[in-house]
Number of protein chains: 2
Amino acid sequence: MVTETSTRPAGAIQRATIRDVAARAGVSVTTASRALNGTGRMSEETRLRVQQVAKDLDYRPNSMARGLVQQRSFTLGLLTDDTYGRFTLPVAAGLSSAMTDRGVSVFLSAGEKEPKRMQLNLRAMEEKRVDGLVITGKRIDRCLPVDVSSLGMPVVYVYSECPDGGIGFVPDDFNAAKMATEHLIKLGRRKIAHITGMSTFKAAHLRKAGWHAALEEHGLAPFGEALFDNWTEAHGYAAAFQLFDAAADRPDAIFCGNDQIARGVVDAFAQLGIKVPDDVAIVGFDNWEVFAKATRPPLTTVDMGLTCLGKSAGLALLDMIEGKPIEAGLRQLPCRLVVRQSCGGEASE
Amino acid sequence: MVTETSTRPAGAIQRATIRDVAARAGVSVTTASRALNGTGRMSEETRLRVQQVAKDLDYRPNSMARGLVQQRSFTLGLLTDDTYGRFTLPVAAGLSSAMTDRGVSVFLSAGEKEPKRMQLNLRAMEEKRVDGLVITGKRIDRCLPVDVSSLGMPVVYVYSECPDGGIGFVPDDFNAAKMATEHLIKLGRRKIAHITGMSTFKAAHLRKAGWHAALEEHGLAPFGEALFDNWTEAHGYAAAFQLFDAAADRPDAIFCGNDQIARGVVDAFAQLGIKVPDDVAIVGFDNWEVFAKATRPPLTTVDMGLTCLGKSAGLALLDMIEGKPIEAGLRQLPCRLVVRQSCGGEASE
């Protein structure tokens with residue numbers, strides 16, 4: 001497969017500099033720079049000549065030099081411990097897209113788990129003089145093991161714990177869970193159980209509270225205790241057997257803490273001959289499409305809008321960098337219910 | 001939740017500059033710089049004094065300034081169209097980790113699908129003067145819709161098509177499929193079918209060829225034609241029914257083109273009362289753990305080593321940036337078989 005040898009040394013292709021443009025246009029470097037930035041006073045003829053020369057020479061401004069002048073690098077850092085990207089890549093995509101529109105680039109530091117190495121990455125970003133930092137991760141109640149206190153730059157937290165006085169963006173788990181449960185109630189379900197993830201996760205408690213609140217508002221009692229365990233199919237699978245083996249009384253709906261749990265529940269029901277949604281309606285959480293769409297039947301589920309979280313965080317960070325006043329605190333952004341076939345009723349997709 | 005107002009203007013915290021260090025240490029800027037870089041000739045006492053002052057002032061070198069001097073920015077760009085990160089985040093994690101060790105940071109441009117916006121991102125990276133570019137994506141036979149011909153910087157391709165004369169890194173699909181099939185043969189299986197993804201994907205053909213080659217080497221005939229369709233559970237599920245409905249003769253093993261297909265096959269068998277691995281052994285591809293581990297039983301599957309691909313590509317790119325000669329062509333890196341319970345035999349995890 002190896003066919004030829006390429007020996008392109010560093011910097012072999014030399015870009016035209018502002019000096020080259022100035023020389024060719026017969027003006028000073030200052031005038032050339034002002035002509036290209038649209039600042040300063042000069043004849044229209046001079047400005048146009050400089051711009052034409054810049055175009056002819058394929059001159060591109062050096063943003064490192066621009067950064068030194070403006071005391072800004074027009075870069076942000078993104079720090080995460082999410083190696084498989086379930087949460088981080090949608091966040092990063094939203095961030096990166098919104099920043100590109102504003103001429104800002106994003107450094108990624110991904111997949112480090114050791115605090116020491118993560119701190120090293122942070123230091124590297126600092127040396128690159130990033131203008132600000134986005135910290136994200138895999139859960140809303142943990143912060144990455146890095147010390148940002150002496151950073152001297154604005155920081156925002158997305159899908160991560162937000163320290164006191166910090167600025168954070170998370171999905172509104174409570175209201176999303178409430179909305180999911182209300183969807184089941186509207187479809188006529190009255191005995192709604194809840195199977196969810198680990199009780200050490202704040203998200204699990206917020207979602208449980210939303211389930212409770214919706215039931216209470218409609219004068220309904222929760223169907224049994226919430227069943228906490230791993231965020232896995234295996235848990236959903238085992239919990240479904242438990243619910244239907246033990247109880248004489250059976251739920252007519254289950255709100256699940258994530259799509260993997262919901263998938264496990266649906267698979268257990270297939271084995272038990274229980275029909276979804278006819279006998280039991282199921283709602284998931286995450287809208288992780290490879291799971292939600294592949295479940296038989298496809299899952300109605302909550303989409304946390306991670307891309308939008310990334311975008312919002314990036315825009316807030318830019319405001320901070322530009323010195324605009326911005327209120328500290330945690331922003332809980334609304335989620336969206338994606339209606340498929342696991343609850344009956346009319347599917348929207 | 002909003003509790004206080006933070007109004008940190010841009011640049012409010014002023015970092016000590018090399019000038020501050022020089023002034024405090026009573027030396028010239030040049031001497032201070034040399035003392036910190038470990039270059040130049042001076043007394044050990046002077047060098048130590050400058051270093052102590054730099055420490056006292058919490059001086060950190062400005063890599064933008066360093067970049068201007070050395071004509072390097074010590075940054076790379078990573079361009080991808082993989083929004084959900086299945087392939088890209090492991091690649092990015094391997095790249096980012098290896099680069100951090102070498103003082104190089106990685107700009108991420110993720111999730112843009114429109115060629116126009118992707119080109120815009122590329123232009124932004126160019127303006128940031130990245131030293132090199134990593135292009136990655138979701139399949140080995142497509143290149144991102146960007147024009148890198150006039151970039152004037154080294155480029156490597158990872159999990160992407162590699163143009164003629166380019167330098168690319170992909171998993172060795174052919175030999176991985178051969179290894180997976182040989183695993184089944186070693187366990188005594190003789191009638192090995194193949195269910196795989198879309199026939200428009202090069203990876204599907206390479207994996208099919210590996211399956212064929214292993215069978216041929218052992219004097220075995222393929223069990224029917226390879227069944228191509230979507231890379232989904234739904235395809236695996238339907239294909240499993242097809243295989244067991246139609247044929248009087250039945251396979252004793254199925255090598256699947258990815259883990260989602262394998263999952264669909266196993267689920268269909270559960271419904272048909274066919275035992276995995278006793279009646280039919282199953283191998284998947286991808287080692288996407290949320291699928292592979294959640295399948296009942298957990299899947300034996302191929303791990304493509306995406307993190308390692310990212311690291312290897314990064315190191316090659318650094319060599320190119322430093323002007324070292326490097327052979328053009330496509331590198332096919334070996335994959336690893338992860339043995340779980342879906343084939344019988346002894347599981348390694």
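Nothing here was measured: the structure is a model prediction, and the numbers come from that model. Below, chain A is the first sequence line, B the second, and so on; all start at residue 1.
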Against chain B, label A:A270 side chain, backbone, both or neither, depending on which of its atoms sit under 4.5 Å from a heavy atom there.
neither
Among the listed options A:V290, A:D131, A:L95, the residue most often paired with chain B at heavy-atom distances under 4.5 Å
A:V290
Contacts of B:T75 that satisfy side-chain contact (heavy atoms from CB on, under 4.5 Å) - sequence neighbours left out:
A:F107, A:K128, B:S73, B:F107, B:V130
Between CE on residue A:M118 and OG1 on residue B:T100, distance to nearest 0.5 Å:
11.0 Å
Closest approach of A:A124 to B:S105 (non-hydrogen atoms, all atoms of both residues):
CB-OG, 4.1 Å
Using a 4.5 angstrom heavy-atom cutoff, name the option from A:L78, A:D101, A:L306 with the most pairs to chain B.
A:D101
Relative to chain B, which segment of A:T232 carries a heavy atom at a distance below 4.5 Å: side chain, backbone, both, or neither?
neither
Looking only at B:V104, B:V106, B:L76, most heavy-atom pairs under 4.5 Å shared with chain A are made by B:V106
Could you tell me which non-hydrogen atom of A:D82 sits nearest to which non-hydrogen atom of B:L89, and how far apart they are?
O-CD2, 2.7 Å
A:E233 side chain reached by B:R296 side chain, heavy atoms, under 4.5 Å
yes
Considering all heavy atoms of both residues, which atom of B:A92 and which atom of A:L108 are nearest to each other, and what is their separation?
CB-CD2, 3.7 Å
Residues forming a ring-ring contact (aromatic ring centres under 6.0 Å, His included) with A:F174, sequence neighbours excluded:
none
Are any side-chain N or O atoms of A:R117 and backbone N or O atoms of B:S97, one a donor and one an acceptor, separated by less than 3.5 Å?
yes
Which value, rounded to the nearest 0.5 Å, describes the distance between B:M99 atom CE and A:N121 atom CG?
11.5 Å
If one checks every heavy atom of B:Q260 against chain A at 4.5 Å, the contacting part turns out to be side chain
